[in-house]
Structures are given as structure tokens and as C-alpha cells.
2 protein chains.
Amino acid sequence: MKNESNMQVTFSKRRANLFKKASELCTLCGAEIAIVVFSQGKANKVYSFGHPLVELLVDTFLGRDLPPPNDDDRHNNLIRAHRNTGQRGFNKEVMDMQESREGESTREIPT
Amino acid sequence: MKNESNMQVTFSKRRANLFKKASELCTLCGAEIAIVVFSQGKANKVYSFGHPLVELLVDTFLGRDLPPPNDDDRHNNLIRAHRNTGQRGFNKEVMDMQESREGESTREIPT
DNA sequence: ACACCTATTGTTAGGAT
DNA sequence: AATCCTAACAATAGGTG
């Protein structure tokens, strides 16, 4: 790969395709998938894909014993995540790479 | 797609390719990626890919303020995740779809 | 379930606009 | 940075052992 800006293009293209593949896997096989991508370097950004929400899936993943609805710790993680999202809402860009399907979301969050 | 077992094959193939694509994106662009996949239905399983560890990335994602080393909440999440992994270690299959690279891991965890 | 095969379809890097 | 183009390459479903 030639230079820095070519790599940025490659990163975007491949990230989009990764999310597309994930989306296909969800639709085709009824899977639930969460993806978090941190880009490298100065332009450090966070991108995510979730079907359904990333927070719900990673929360279940971290506390792998099946999730009780009123667990304080896990609940607070969700709350905090949503609070932070709200705080930085003006920085948030919704990617909307395709017509976004039911219960599926892609995001881009500058750090 | 014809039947149930053909879909299982498709699911495995596509999941492997999704993880491969993620791995390429990490190597090529220096990105950090975490993926969590829940399969559907009776044979409900959890698969994950992380470069580096899934736990570190999703933890940073959930508490997006940069992670202080001694934050109790986040630390406990990691500990608990690792404890659970240990508890169910006899059930754990390391996928090892390719020669596993430095700081990268794929897992399959029955639920 | 797993490995190999193959025709079709999809992805990719790079160039052009 | 975004969109279109395209030759080279890779993924896919379905088939067979």
C-alpha cells in the first residue's frame, strides 16, 4: 500500500465490508453480532456494529452467566454507555452505510 | 438455503471469514477489533475474536473515557470474565483457525 | 461433521473523474 | 473525500468423497 491516505481509504472500504458481512450473517443465520473497531494513530476513532445493540451483546458476553434483568453492575454499564453517547452526541456521526435494518446499528465515534 | 444443517455449514464458513477479514484489517491498518457472535437456536454458542483481547476493547468501548488502570468497576468486569472463562475451561475450544497472531484470539464458548 | 472442488458472485487496490 | 471503473483475486453455496 502506497501512502497514509490510501490506507485510510482501504480502512474505510474494508471496515464497511466487514460490517456488511456481519449484517449478512445476522440475516442469513439469525446470529447476533457485535463489532467494535478502534482505528489506529492520530485520527483515533471508534466504529461499531451491533445487531441488536452492541451494549446488550457485550454485556451478556462479559457476564456470561445468563443476564438477570436487575443486575446493578451490568445495568450501570448500559446507563453509563448511554449517558456518554448523549454527552458526545454532537460529535456522533451515524454511518448508515445501507438502509439500516430492524434493530441494527452502525456508529462512528471520535475519541 | 436448503435445510438446517446446510445453514450450520454456511454459518461456520462465514463466521470464519468474518474473523479472517477482521484479522486482515488489524494487520493491514493497525486497527483494534473485537467481535462477539451469538449463534441462534438450540445450539446456542458464543464465538469471539479480539485483537487484542475482546474484554479490553469492549471495556474501553463501554466506558469511553480512557481507562484508568485502577478503576474498580472495569477491573472487576475483566476479572469476572476471566474467572468465568477459567470455570468453564473444560468446555472451551480454541478455534485456532489460522496460526494465531500476537495478541489475537478466537474462542468458542458453549452456553 | 469435515475436507476438497468449482462455477458464480463478491471484494479489493488502485486509477480516473 | 466520494464515486465510478476494472482486472486480479477471494468468498460462497452446493456438490462429492
Please report the distance, rounded to the nearest Å, between CG in B:Asn3 and P in D:dA13. 13 Å
Are side-chain heavy atoms of B:Leu62 and A:Asp59 found at a separation under 4.5 Å? yes
Between A:Ser105 and A:Leu53, what is the shortest heavy-atom contact and its length? OG-CD2, 4.1 Å
On the nucleotide D:dT12, are OP1 or OP2 found under 4.0 Å from the side-chain N or O atoms that B:Asn17 carries? yes
Round to a whole Å and report the spacing from NZ of A:Lys21 to C1' of D:dA13. 12 Å
Non-hydrogen atoms of B:Ala22 and B:Ile33 that approach each other most closely: O-CD1, 3.6 Å
Gap between atoms NZ and P, on B:Lys20 and C:dG10 respectively (whole Å): 17 Å
Within the structure provided, determine whether B:Glu32 and B:Pro52 are in side-chain contact (heavy-atom separation under 4.5 Å). yes
Identify which nucleotide among D:dA11, C:dA13, D:dA13 has an atom closest to any side-chain atom of A:Leu28, counting heavy atoms from C-beta outward. D:dA13
Rounded to whole angstrom units, what separation is found between the CD atom of B:Gln8 and the C1' atom of D:dG14? 16 Å
Any idea which heavy atoms bring B:Leu18 and A:Leu25 closest together, and the distance? CD2-CD2, 4.4 Å
B:Ser39 side chain near B:Asn44 side chain, heavy-atom distance below 4.5 Å: yes
Enumerate all atom pairs, one protein N or O and one N or O from nucleotides 2-5 of chain D, separated by less than 3.5 Å.
none

Short side-chain to backbone donor-acceptor contact, A:Ser23 and A:Phe19, under 3.5 Å: no
Counting only Watson-Crick and G-U wobble pairs with both atom distances below 3.5 Å, the stems of 3 or more consecutive pairs that include DNA chain C are C:2-17 with D:2-17
Spacing between B:Arg15 atom CZ and C:dA1 atom C1', to the nearest angstrom: 13 Å
B:Arg14 vs A:Leu28 side-chain heavy atoms within contact, under 4.5 Å: yes
d(CG, B:Asn6; C1', D:dG15) in whole Å: 10 Å
Same apolar cluster: B:Val9 and B:Met7, side chain cutoff 4.5 Å: no
Between CD of B:Glu24 and C1' of D:dA10 the distance, given in whole Å, is 9 Å
Expressed in angstrom and rounded to an integer, what is the separation of A:Leu18 atom CG from C:dG10 atom P? 18 Å
